[in-house]
Amino acid sequence: MNTAAIETQENYLNAGYGLKSWLLTKDHKRIAILYLITITIFFFIGGIFASLIRIELLTPQGNLVSSETYNKLFTMHGIAMIFFFLIPSIPATLGNFFLPMMIGARDLAFPRINLLSWYLLVIGGAFAIFAMLAGGVDTGWTFYTPYSTTYSNSWVIATALGIFVSGFSSILTGLNFIVTVHRMRAPGMTWFRLPLFVWANYATAVIQVLGTPVVAVTLVLVFCERVFHIGIFDPNLGGDPVLFQHMFWFYSHPAVYIMVLPAMGVISEIISVFSRKPIFGYHVVAFSSMAIAVIGFLVWGHHLFVSTQSVYAGLVFSFLSYFVAIPSAVKVFNWTATLYKGSISFATPMLYAFGFIGLFTIGGLTGLFVASLGFDVHVTDTYFVVAHFHYIMVGGTIMAFLGGLHYWWPKITGRMYPENWAKLSAAIIFVGFNLTFFPQFILGYMGMPRRYHNYPDEFQVLHVLSTAGASILAIGYLFPMVYFMWSLRYGAVAGANPWGATGLEWTMQSPPPVHNFDEIPVVTHEVYDYSTVVKEGVEVG
Amino acid sequence: MAEQAHAPVESLALREQFNTPEQQKESSAFGMWIFLVTEVMFFGGLFLAYTIYRNTYPVVFGMASTSLNAVIGALNTAVLLCSSFTMVLGVRAAQLGRRRALVIFLILTLLLGMVFLGVKAYEWNQKFVEHHIPGAHFHFEGAAEQGPAQLFFSLYFVMTGLHALHMVVGAGILSWLLYHAVRGRFTAEYMTPVDIAGLYWHFVDIIWIFLFPLLYLIDRHMR
Amino acid sequence: MKLPLFPESASTFAPDVDHLLFYLVGVSVFFTVLIFGAIFYFAIRYRRRSDNELPKPIHASLALEIAWSVIPFGLTMIMFAWGANIFFKESRPPKDAMQIYVVAKQWMWKLQHMEGQREINELHIPVGRPVKLTMTSEDAIHSFFVPAFRTKQDVVPGRYSTTWFTATKPGKYHLFCAEYCGTKHSGMTGWIYAMEPQDYQAWLSGGRSFGSLAENGEKLFQDLACGNCHKADGSGRCPSLVGLFGRSVQLADGRFVNADEAYLRESILQPNAKIVAGYQPLMPTFQGQVTEEGVLELIEYIKSLVPPPAAGTGTTPAEINVNPGVATATPSNR
Amino acid sequence: MSEHVDSVKTYTAVWLILLILTGVTTGVAYIDLGAFSVVIALLIAAVKMLLVALFFMHMRHSTKLTQLAAAGAFLWLFIMMAFTLADVWTRGLVGTPGR
Ligand code: HEA
Ligand code: HEA
Ligand code: CUA
Ligand SMILES: [Cu+2]
């Protein structure tokens, strides 16, 4: 195939032109692209806030921005990154694009609802951006009452509304995925022939559907309290601020698995393709996704160890937190075992997958630190926790997201990205990341509290290291932006299956046609059966 | 657009992502059930707050609850149950392809829904007159602590308010159904929208079935 | 510039937490090295040599899956038990602990000694003696954090929270507010001065005293006319408050509660939340009439109301804290 | 759905039972049953819910999957309530305020 072919061949990209053909599309692939653009914007917004945070923390005095501004910076950083970037990231882009193809469906079950959920994200995002431009919010992404309801003088209402609306975006995506996986599988596509990415997104969808409504209603209550002064959580009326924390974390702990499960799904695909072996212990890995989704709902109280929650509840939540760690550990071990006697390629997606496993392991293991009651008392609300979650969310999920983007880029666009640049930036990101966040573990144990705009002198050296790392990281993130754009025009033409991958999405042309399949395929192979692909001869792009 | 080419427009029937009408019907109904699951969790948050506070302030909550008019509440519950009854008869009419009956039952359901909302409005107005609206002018005679009493009424308003909001949305859906029913869009083969709207309407009813005893009844005996 | 990498250890909890840290780091290093090592080794050893090679699939092994679930699980249970053990200790202040009251507000710490000394953003304590803090907030949630002591506890409006520690090393240690509480959250810091006991005594007698808490409480008790109802002999329609603290109180609905600080606070601010068995809900709320400090003084006064024939005479109120937490039925003898 | 059309008689019966139960729960509320008042009220509400779900919402005829989803919703609601109450009910039990 050549460049001319890719341009003449009918596919979802050239099926219609003009803004309207995009903004009113019901094609899950186009909606996925819309999501991709949206979340990239929010990643950059969040990243700019992060950069300002890091620059401010270069010096202990806190003399770049005022403390009020600083508080708004980390709040808006957290909100942009969590609610508008990371939660929609993998499911709504890669999931949206590939889930129907992987199970052999022409689209999601409810294409119009799919489009609606993108609009909801945009509307929610518009509220949030409005709040940011109008003056910002300073409650922290956790909105703890009574500060958020009574004492904050910032744009809490607009932001809460934005998150509320985007929450429905998340709910509808989840709903769509659940129905699609149950009702739209091609003949022969049994549950245990589903790619692990589908399992992961299915588990994620379950969390989205069961958890998100609770944070929605919690925000409604915060909203009512601010607007009508009715005081559901107001201690002056005998309300219970810790009840807010329960309701918030009932969603927000499971939400961290919304952020990591799809990433694990991506990693399962990548590890398998680039070692050309079925994932070791496929069933165990599939079930562990479901186990994480379910047990993830039983541990939220580990965010409340020092909140005046009862000691007994703390014990139960700490205990259960360790149960959720086991399925994660099992996944890591199975991925590693997949490499054994494989045929391992060092393509960029695989490098990201290695990065993910390593950094997720460190992030996850430090999760075990903070799940230990006596230890958490010392490090909660310090940079130790900040380091823990950045290791998982930035070191883990974003690595997986980038890995997945590289892996599926040829399918999405029909073009290859430049391999050497990609490898270089993966290395820069890995180094920059560790330099940014490893010092924060030490800072945290030494007692540096989080959300601090100025700090005692003895913490400075570590903060400087962290800022240096963040600069490297920022540059690392710039590279893919540039070369992905470049590849849209100049990248080598990819062909249908450049990696020699199994899976229905690789059986169709790149970029895929509008309705994916002219005829719904009948699945006869087991999942990850590479013998079929290799025998037919791998087409290398 | 190209995608629409092979979808028969007239009957609203099969969308291109589905293979069979069966698949489409099942997917829609299942989708609605999943949505109702999210609604359970949404109201669940409110029931949680209610349970916690009622447990913490049993006496004041009892007093505040008793100040509501249980007879009106019971009658309104009956109205809502009647509307569920007419709704289910409407769904049945649609299943059998009886257009006139469907239209009539939809109108009846809508009317009963309006009656419910009207009564609710009357009750809220009553609260306003009695200064039982949470906020600066709140005053609940009888309880030494105004705070917990206010918590009760806050929950009362948020719970009944969100329930009423769901009713309003439901009324919107019913009106849409009515419009299409009058134009004869639903047949015995294609009545999925009626079916799933029915699910929604009954669900809103179920929420009220719990709100009624929790808000109006359970401390009645203490007075 | 200094580059310290480890926090000072200056309380009895510090070594406990540090040892737990070493265990956690040990387990983590083990698994990280194991996994990184395996990845590197496999990746090099089994790198792709030809484009068409097709490795044989390896079938899952149940034994392996069980092994790598059960072994890590065992290791985490040690983490759980160890951490829980420390936490339990942190949650149960010894009876003879020295009492300090803390009122947090945006953005300062107000600390009160029993003897009447008040401090702002500074706390002087003796080394070697358990110190118990009873804390509340006037506005948002704050958190009392002393890294060198490895302790932290949120300070929540509308209720009391408790933490305690025994300093082991004289010195000057950071006090941070660790729960985000608004604009000057990062300015809500202070110092803990741990002193040798004799230095502490000297400091106590040197500072200005505002009258002991109990004395101030007594004044307040008179000003608010609590005594009009609450007679020492329990006559009238109100329970006597003598000897109340630490006792188990039967409520009208049959439950028993321990009369601790939180209960006393609630009795004053939300008197109808828990009604004492045999009494009517007559008591008016004092919400808005007393400050948080005032409530603390009243509580201290109520604590000091010891029944006359009590064992020793010179007992401090904390010592008559009779079996707290034990919900034995003590039918009211009022 | 079209395969299962219940008779008007069934619906009417369910509707009447629902109205009667509403009357009963209101009446019983005036009788002092102590802690059982709550239990009875919730029990009656649960029965009414089941009637609406099984008959009006055709749960009787729906797939296992749908039934599982509905049951799941209540299980999760239970989780949320149970764990939060586990905290609220055991606060201060160790004998230390705020723990
Ligand atoms: C994607 C996001 C994500 C993920 C996946 C996790 C995963 C985990 N988290 Fe994390 N967490 C956050 C995001 C995340 N977290 C965020 C954002 C916060 C802070 C919120 C805020 O306050 O702002 C937080 C805070 C947080 C706290 C509260 C800290 C505090 O505020 O004091 C706790 C406490 O228990 C915790 C625990 C855990 C645990 C046990 C896991 C487990 O799931 C981890 C499991 C993984 C592994 C265990 C690694 C793999 C295992 C091996 C390689 C083998 C060896 C295994 C064993 C020995 C078991 N997290
Ligand atoms: C998905 C979630 C996510 C992601 C991706 C990140 C990414 C980053 N975060 Fe994030 N962070 C959170 C979620 C996330 N964070 C949350 C939830 C909090 C808690 C908030 C709260 O307390 O309420 C937090 C808090 C937090 C703090 C603590 C603030 C405090 O407590 O006082 C810090 C401090 O270093 C920090 C740093 C960073 C850095 C350096 C990155 C980097 O990885 C970002 C790198 C990205 C870019 C820089 C953008 C792309 C690059 C360019 C546009 C190039 C051009 C730019 C420049 C040259 C500057 N974050
Ligand atoms: Cu006080 Cu932060
Ligand atoms: Cu968590």
Side-chain angles (χ1 to χ4, degrees), chain A residues 67-68 140 144 146-147 151 235 238 241 276-278 280-281 284 306-308 311 315 318-319 322 325-326 329-330 332-333 336 339-345 354 357-358 361-362 365 368-369 372-375 377-378 380-381 442 445-447 449 451-454 458 460-461 530-531 534 538, chain C residues 1-5 7 17 20 24 28 31-32 35-36 38-39 42-43 46-48 51-55 57-58 60 65 68-69 72-73 76 79-80 83-84 86-87 90-91 139-141 143 145 147 150-154 156-159 161 176 178-186 270:
Chain A
S67 52
E68 210 180 324
Y144 274 18
Y147 183 70
Y151 299 99
R276 210 168 271 169
K277 263 173 84 233
F280 188 84
V284 179
V306 300
S307 70
T308 72
V311 171
L315 286 175
S318 167
F319 182 66
Y322 291 108
I326 300 307
V330 164
V332 170
F333 293 131
T336 310
L339 301 177
Y340 177 67
K341 292 201 171 160
S343 162
I344 295 172
S345 144
F354 291 158
I357 298 180
T361 300
I362 298 178
L365 284 165
L368 305 179
F369 288 40
S372 175
L373 284 152
F375 191 83
V377 167
H378 176 50
T380 183
D381 275 315
I442 304 171
Y445 196 74
M446 288 182 39
R451 299 170 170 177
Y452 260 36
H453 153 254
N454 50 323
E458 65 258 34
Q460 190 178 6
V461 177
Y530 287 92
S531 57
V534 171
V538 183
Chain C
M1 275 194 253
K2 302 177 283 185
L3 178 58
L5 294 176
V17 176
L20 177 55
L24 291 165
S28 301
F31 279 105
T32 312
I35 287 162
F36 273 61
I39 289 180
F42 292 156
Y46 303 113
R47 68 187 174 277
R48 188 170 295 176
D51 250 351
N52 276 340
E53 82 187 348
L54 178 65
I58 295 178
E65 300 287 353
W68 64 41
S69 311
F73 183 69
T76 62
M79 298 176 188
F80 164 71
I86 297 177
F87 188 64
E90 289 173 339
S91 299
D139 36 50
I141 303 177
S143 192
F145 177 31
R150 311 285 189 275
T151 54
K152 184 184 289 118
Q153 176 61 38
D154 278 8
V156 182
R159 69 178 58 159
S161 59
F176 293 126
E179 186 63 75
Y180 175 66
C181 55
T183 309
K184 296 222 180 65
H185 162 61
S186 61
Q270 268 132 26

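What you are looking at is a predicted structure, and each value in this text was computed from that prediction instead of being measured. Quick note on labels: first sequence line is chain A, next is B, and so on, each numbered from 1.
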What's the separation between atom [atom1] in [X] and atom [atom2] in [Y], rounded to the nearest 0.5 Å?
X        : Y        : atom1 : atom2 : result
A/Ser531 : C/Leu54  : OG    : CG    : 6.0 Å
C/Leu5   : A/Tyr445 : CG    : OH    : 13.0 Å
C/Glu179 : A/Arg451 : CD    : CZ    : 7.0 Å
A/Tyr151 : C/Ile141 : OH    : CD1   : 10.5 Å
C/Tyr180 : A/Tyr147 : OH    : OH    : 4.0 Å
C/Ile39  : A/Ile357 : CD1   : CD1   : 4.0 Å

Is it the side chain or the backbone of [X] that comes within 4.5 Å of chain A heavy atoms, both, or neither?
X        : value
C/Phe176 : both
C/Gln270 : side chain
C/Phe145 : side chain
C/Val156 : side chain
C/Ser91  : side chain

Which atoms form the tightest heavy-atom contact between [X] and [Y], and what is the distance?
X        : Y        : answer
A/Tyr322 : C/Thr76  : CD2-CB, 3.4 Å
A/Asn454 : C/Ser186 : OD1-OG, 2.6 Å
A/Val311 : C/Phe87  : CG1-CE2, 4.0 Å
A/Leu373 : C/Ala84  : CD1-CA, 3.8 Å
A/Arg276 : C/Glu53  : NH1-O, 2.9 Å
C/Asp154 : A/Ser307 : OD2-CA, 3.5 Å

Between [X] and [Y], is any pair of side-chain heavy atoms under 4.5 Å apart?
X        : Y        : value
C/Pro55  : A/Lys341 : no
C/Ile58  : A/Phe280 : yes
A/Pro235 : C/Arg159 : no
C/Ser143 : A/Asp381 : no
C/Gln153 : A/Thr308 : yes
C/Pro57  : A/Lys277 : no
C/Glu65  : A/Val330 : yes
C/Tyr46  : A/Leu339 : no

Which atoms of [X] approach chain C - backbone, side chain, both or neither, heavy atom under 4.5 Å:
X        : value
A/Tyr144 : side chain
A/Ile362 : side chain
A/Tyr340 : both
A/Thr361 : side chain

Check your understanding: So, the side chain of A/Ser372 versus the backbone of C/Met79: is there a donor-acceptor pair under 3.5 Å, distance only?
Key ->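 Side chain of A/Ser372 to backbone of C/Met79: a pair is present.
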Check your understanding: Is the side chain of C/Lys152 donor-acceptor paired with the backbone N or O of A/Thr380 at a distance under 3.5 Å, no angle test?
Key ->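 Flag set: sc C/Lys152 to bb A/Thr380 pair under 3.5 Å.
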Review point. In terms of heavy-atom pairs under 4.5 Å with chain C, which of A/Gly238, A/Gly140, A/Ala329, A/Ser318 leads?
Key: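 Of A/Gly238, A/Gly140, A/Ala329, A/Ser318, A/Ser318 has the most heavy-atom pairs under 4.5 Å with chain C.
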Exercise for review: Name the option with the most non-hydrogen atom pairs under 4.5 Å to chain C; the candidates are A/Leu368, A/Ile326, A/Val284.
Suggested key: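 Most pairs with chain C among the choices: A/Ile326.
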Practice item. Classify the angle between the aromatic ring planes of A/Phe333 and C/Phe31 as parallel (below 30°), tilted (30 to 60°) or perpendicular (above 60°). Key: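 Taking C/Phe31 first and then A/Phe333, their aromatic rings sit tilted (interplane angle of 30° to 60°).
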